[in-house]
Amino acid sequence: MAAAGSGRGGKAPRAAAGRRRPRAAVPGAEGKPRAAAGRPVDEEVSSDSEPESPSLGRRRQREAVEDEVDETPQEKKLRLAKLYLEQLRQYEEERAEDEEEEETQPADLIGDRLREDVLEQKGRLQRLVAKDVQPPDPANIRVLRGHQLPVTCLVISPDDRFIFSASKDGSLIKCKWEVESGKRLCVVPGGKKGTEKQHMGHASQVLCMAVSSDGKYLATGDRNKLIMIWDAATCKRLHIFTGHHDAVSGLSFRKGTHQLYSASHDRCVKVWDVAENAYVETLFGHQDVITGLDSLSRECCVTAGGRDGTVRLWKIPEESQLVFCGHQGSIDCIQLINEEHMVSGADDGSLALWGLTKKKPLALVRQAHGVQEAQGLEQPYWISAVAALRNSDLLATGSHSASVKLWKCGEGFRKVEPLCDIPLVGFVNSLKFSAAGDFLVAGLGQEHRLGRWWRIKEAKNSVCIIPLKRRAAGFNPEAPNTS
C-alpha cells in the first residue's frame, strides 16, 4: 500500500523543521508555576509564552524522582490496568442490572468490552446501522431558536443531554440547550470588538467549538484569533488562549484527555494542555487557510486545508504529517469516522472517504447535493458540513440545497450510497450525531459560516434536532476495514 506523501507523490515530510518547541507544557501568561489547586481562573495563555520556569522544572523533577522511587513503570502499568478493569467491572455489572441481563456473566461483559476497545483503537470497530435507519419524519424535527444570525458551530455533550451552539451575529450568543425540553439553560452574549478583557463572551464571530470527552471543558474559537475555555457545566469562562495570528477555524479535544488541538486561517495547528492551562507546540505544513479539524483518541489529528487541496494527518509523537489529495475545490469540512477512516467535503460539491493508508480517496461522490443555476451556469452545491456516527457506516452531509443527506458507507469504506434526504432550508453550517446515534443536530443559518457569498432570506437561524429511528440495531464488531 502506498503511504501518503508530503506532496503529490512523495513521502510524508519530517516536520521537525517547521515546529515550535519545546514539547513540554509551557505555563500561561507570565511563565509562573501554579499549583494544581487554586489555579487562577480566566487567565490568558499565549503560545508565545516564555519557556518553562526553573522553579516549575525543579518541582517536576522532584515529582518524577519520587514517582520513580515509589513505583516502577511496570508497576504503574499494572496498577492502572487493575484500576481500569475494576471500574469496567463495576460499570458493566450496573448496566447488566439495569437491563436485567442476569444470564450474562460480568466476566463475559468485561471481555466483550475489552475486545470492543481493542477493535476501536485499531479502527476496525464498525456498527452497521445505516441500513436500519428510517427516513425521519419532518414533522418530528424540533427547531430551537435563540441566535439572531447564522449558527456557525455546535457540539453535543458526551452524555447526549445538552447541545452547545454558537453564532456569527453581533452579540455572538453561545447557548446550552437541554435536549429533552429544548430549554435554554445558559446564554453568554457577546460584546463589542476590543472588549474581550472586560466582557465574558466573544467579541467577534465564533467559528468553531469542542467539548472534552468527560464533558468538563468547552472550547470556542473566533475570528479575533482567540480560544476561550469554559466550564461546560456552568458556562463560566476559565481561560483565554492566544497565539494564533488569524481566525481560529477548528478545535478538537483528544478523546480521553484534556489535550486540545486548534487550527487557524494562519495555516498552523497548535496543541494545548487545557488542564494545565498551557501551550505545548505548533505544527506547520498547510499552504492555505485551515477550514476544519478533528481528532479521536490517538495522539494525532486531521485537518482540511481549504484551497491548498489537501487533507493532512498530523502524527504528533513521530513529528510527521501525511498528505492526502483528491478534491478539486476548497476542502471546507472534515471528520474522523474511526481511527483509520475519515470523511471530507468540498466546495466543488464532492464528498470523499479516506483511509489513512491511501493518499487518494477510497470513495468519491461528485455533486453529492446536486447542482444549482447561478448566472446562467450550473454550479455544484457546496458541501458545508459533514458528520459521521463514530465507528459506524452512517454519514450525514449538509449544504444549502434545502436538505441534509444521510449516506451509507459500503464494505471497506470503498463505496458511498445515499439513504435519504431530510428537508432543511438554509446553509447547514454544522452537523453532529449524538453518541448513541438516536438523533442528529444541525446548525442552520441564512449565510455560510465562513462568508457572505449568498443569503437565503427564508431560512431560520436555528438549531434543529432530527430524531433518528432504527428498525433494529445492527452491530458487527468483527467487520474489519481492509482498505
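Partners of Ala352 under the side-chain contact (heavy atoms from CB on, under 4.5 Å) rule, at least two apart in sequence or in another chain, are His327, Ser344, Trp354, Pro361, Leu364. Annotation: side-chain contact (heavy atoms from CB on, under 4.5 Å) contacts of Leu424 (sequence neighbours excluded): Ile141, Val404, Ala442, Leu444, Cys464, Ile466. Judged as a side-chain hydrogen bond (donor to acceptor under 3.5 Å, both in side chains), and not counting sequence neighbours, Asn461 has no contacts. Residues satisfying the salt bridge (Lys or Arg N to Asp or Glu O under 4.0 Å) criterion with Lys225, sequence neighbours excluded, are absent altogether. Every residue meeting the salt bridge (Lys or Arg N to Asp or Glu O under 4.0 Å) condition with Arg79, not counting sequence neighbours, appears here in chain and number order: Glu71. Under the salt bridge (Lys or Arg N to Asp or Glu O under 4.0 Å) criterion, Arg161 pairs with no residue, sequence neighbours left out. When the salt bridge (Lys or Arg N to Asp or Glu O under 4.0 Å) test is applied to Arg267, no partner is found at least two apart in sequence or on another chain. With sequence neighbours left out, the side-chain hydrogen bond (donor to acceptor under 3.5 Å, both in side chains) criterion links His244 to Ser262, Asp266. Listed by chain and residue number, Ser252, Tyr261, Cys301 satisfy the side-chain contact (heavy atoms from CB on, under 4.5 Å) test with Ser295 (two or more places apart in sequence, or in another chain). Residues satisfying the side-chain contact (heavy atoms from CB on, under 4.5 Å) criterion with Glu447, sequence neighbours excluded, are Pro150, Lys168, Arg452, Arg455. Listed by chain and number, the residues in a side-chain hydrogen bond (donor to acceptor under 3.5 Å, both in side chains) with Trp382 amount to none (sequence neighbours excluded). Remark: Asp214 engages Ser212, His258 in a side-chain hydrogen bond (donor to acceptor under 3.5 Å, both in side chains) (not counting sequence neighbours).
Side-chain contact between Trp230 and Thr220: present, with at least one pair of heavy atoms (C-beta onward) separated by less than 4.5 Å. In this structure, Arg390 and Leu296 have side chains that are in contact, with non-hydrogen atoms separated by less than 4.5 Å. No side-chain heavy atom of Trp407 sits under 4.5 Å from any side-chain heavy atom of Val343. Side-chain contact between Thr303 and Ile334 is absent, with no heavy atoms from C-beta onward closer than 4.5 Å. Counting only heavy atoms from C-beta outward, the side chains of Leu440 and Leu406 approach each other to under 4.5 Å. Residues Leu283 and Cys268 are not in side-chain contact: their nearest non-hydrogen atoms beyond the backbone lie 4.5 Å or more apart. Counting heavy atoms from C-beta outward, Thr397 and Val428 have side chains that stay 4.5 Å or more apart. When side chains are defined from C-beta on, Gln446 does not count as touching Phe427, because their heavy atoms never get closer than 4.5 Å.
For the atom pair CD (Glu276) and NE2 (His239), the distance works out to 10.0 Å, reported to the nearest 0.5 Å. For the atom pair CG (Asp308) and NE2 (His286), the distance works out to 5.5 Å, reported to the nearest 0.5 Å. Considering NZ of Lys432 and SG of Cys153, their distance stands at 8.5 Å, rounded to 0.5 Å. Annotation: the span from Ser264 atom OG to Arg223 atom CZ amounts to 10.5 Å, rounded to 0.5 Å. Once rounded to the nearest 0.5 Å, the distance linking CG of Leu226 with OG1 of Thr242 reads 7.5 Å. To the nearest 0.5 Å, atoms OG (Ser167) and CG (Leu154) are separated by 11.5 Å.
Taking both residues in full, the closest heavy atoms of Ile240 and Met228 are given as CG1-CG, 4.3 Å, listed atom of the first, atom of the second, then distance. The two residues Leu356 and Leu322 make their nearest non-hydrogen contact at O-CD1, 4.0 Å. Here the shortest heavy-atom pairing between Ala219 and Ile229 reads CB-CD1, 3.8 Å. Shown here for Ser165 and His147, the closest heavy-atom pair between the two residues is OG-NE2, 2.8 Å. Nearest heavy-atom pair across Val151 and Ser462 is CG2-O, 3.6 Å. The heavy-atom pair separating Val274 from Leu260 by the smallest distance is CG2-CB, 3.8 Å.
At a threshold of 4.0 Å, the pair Asp159-Lys216 does not count as salt-bridged, since none of the basic side-chain nitrogens sits closer than that to a carboxylate oxygen. Salt-bridge annotation for Glu339 and Lys255: absent, with no side-chain N of the basic residue lying under 4.0 Å from a carboxylate O of the acidic one.
Although no hydrogens or angles enter the test, the distance criterion places no donor-acceptor pair under 3.5 Å between the side chain of Arg470 and the main chain of Val133. With Asn429 contributing its side chain and Gly443 its backbone, the two residues share no donor-acceptor pair below 3.5 Å. Distance alone, capped at 3.5 Å, is enough to place a donor-acceptor pair between the Asp160 side chain and the Ala436 backbone. Judged by distance alone, with hydrogens and angles left aside, the side-chain atoms of Ser392 form a donor-acceptor pair with the main-chain N or O of Leu394 at under 3.5 Å. Side chain of Asp222 to backbone of Ala203: no donor-acceptor contact under 3.5 angstrom is found. With hydrogens and angles disregarded, no donor-acceptor distance shorter than 3.5 Å links the side chain of Asp231 to the backbone of Lys236. At distances below 3.5 Å, at least one donor-acceptor pair connects side-chain atoms of Ser249 with backbone N or O atoms of Ile290. Without hydrogens or angle criteria, Glu281 side chain to Ile316 main chain gives no donor-acceptor distance under 3.5 Å.
Between the side chains of Ser384 and His400, not a single donor N or O lies within less than 3.5 Å of an accepting N or O.
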Begin from the C-alpha positions of Leu468 and Phe433 and carry the test side-chain contact (heavy atoms from CB on, under 4.5 Å) through to its verdict. CA-CA 10 Å; Leu468 300 176; Phe433 282 101; 3.6 Å; yes

Take Leu218 and Val155 through the side-chain contact (heavy atoms from CB on, under 4.5 Å) test and state the conclusion after the steps. CA-CA 9 Å; Leu218 178 74; Val155 292; 3.9 Å; yes

May I have the step-by-step check of side-chain contact (heavy atoms from CB on, under 4.5 Å) for Val269 and Leu293, ending in yes or no? CA-CA 9 Å; Val269 174; Leu293 177 148; 4.1 Å; yes

Could you please spell out the steps behind the side-chain contact (heavy atoms from CB on, under 4.5 Å) verdict for Phe241 and Lys270? CA-CA 11 Å; Phe241 289 166; Lys270 290 184 183 291; over 6 Å; no

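Between Glu299 and the choices Glu318, Gln259, Lys315, the side chain to side chain contact (heavy atoms under 4.5 Å, CB included) rule is met once, by Gln259. Checking Val289, Thr291, Thr152 one by one against Leu450, the side chain to side chain contact (heavy atoms under 4.5 Å, CB included) holds for a single residue, Thr291.
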